[in-house]
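Heads up, the thing below is written out as structure tokens.
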Amino acid sequence: MSVTPQPTSPKVHISTHPLVLSKLTQLRLHDLPNKEFREGIKAIGCVHVMAHILHASRHQLGMLQSPIAPFTGHTVPLRIGLSPILRAGTGLVDGALELFPDATVLHLGLFRDKVTLQAIEYYSKLPGEVTADLVFLLDPMIATGGTAIAALTMLTEWGLTQNQIKMVSVVGSAQGVKHIAEEFPDVEIFIGAVDDELTEKGYISPGLGDAGDRLFNTHHK
């Protein structure tokens, strides 16, 4: 059964946006073509990023010139970072880059051990010094929350505060979202839906299946 409960933390934002709800319904379908799955993941990621930026600080720009007359404008005065958790997190990158084409992309390689369900790090592309004021941690799925917590630990050890990190996801389990909120209470989470159940193998139910396989058409028969 799928649920959309009240957030257990004020930092957890479960979307009610009509586009997100519509795309999420499509993404749950077992026979949705891979192309449409990728497009749906991208669209939801865009909406989540925009939802946060609506509340971001703005900087006024003066003495600009249109073809007709002078004008003043605004910009977001932040260095933006996008940190996808490989491999499924890369499905959220393109949409965010359309909004912030100059963003730095900080790949984090983590996989979940199939037996222990623990996150194992195998790759990190974090520069020696912090190069972003605001980082979006991108991962379509929050199952146990262990992989996200490992990634958040990497980012905070790099030098970011929790308030500088926003997690963008498509669907998560109630258990996993709660786990992240407890471990990193000041990290905001923007998510499409939270499902009640987590299977013994660590899959969200009803969930989306394996987001990585569906993004990259690597289903194992």
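Along the sequence shown, residues carry numbers from 1.
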**Message:** Can you confirm whether more than 12 heavy atoms, excluding those of Y203, are under 6.0 Å from its OH atom?
**Reply:** no
**Pairwise side-chain contact, R87 with T218, heavy-atom cut-off 4.5 Å (strictly under)** = yes
**Item:** Interatomic distance, L82 atom CG to L106 atom CG [nearest 0.5 angstrom]
**Value:** 7.5 Å
**Request:** Please state whether the rings of F190 and H13 are parallel, tilted or perpendicular, taking 30° and 60° as the class boundaries.
**Result:** parallel
Can I get a per-line list of side-chain donor-acceptor pairs under 3.5 Å for residues 128-141, giving both atom names and the distance, sequence neighbours left out?
residue : atom : partner : partner atom : Å
D133    : OD1  : R79     : NE           : 3.4
D133    : OD1  : R79     : NH2          : 3.1
D133    : OD2  : R79     : N            : 2.8
D133    : OD2  : R79     : NE           : 3.3

**Prompt:** Are I44 and V168 side-chain neighbours, meaning at least one heavy-atom pair lies under 4.5 Å?
**Reply:** no
**Over 12 non-hydrogen atoms of neighbours within 6.0 angstrom of NE2 in H30** = no
**Message:** Is it the case that the side chain of Q164 and the backbone of T161 share a donor-acceptor pair, with hydrogens and angles ignored and the cut-off at 3.5 Å?
**Reply:** yes
**Item:** Flag, side chain of N34 to backbone of L215, donor-acceptor distance under 3.5 Å
**Value:** no
**Item:** Pair S173, D195: side-chain N/O donor-acceptor within cut-off below 3.5 Å
**Value:** no
**Prompt:** Donor-acceptor pair, H48 side chain versus S169 backbone, under 3.5 Å?
**Reply:** yes
**Request:** Answer whether the closest heavy-atom distance between the side chains of L21 and S15 falls below 4.5 Å.
**Result:** no
**Fill in**
Those residues at least two apart in sequence (or on a different chain) that pass salt bridge (Lys or Arg N to Asp or Glu O under 4.0 Å) with E98 are K42
**Message:** Looking at R214 and G209, would you say the former's side chain and the latter's main chain have a donor-acceptor pair under 3.5 Å?
**Reply:** no
**Message:** Going by salt bridge (Lys or Arg N to Asp or Glu O under 4.0 Å), name the residues that satisfy it together with K166, two or more places apart in sequence or in a different chain.
**Reply:** E188
**Prompt:** Of the options L152, V12, I149, which is the one that meets V187 in a side chain to side chain contact (heavy atoms under 4.5 Å, CB included)?
**Reply:** L152
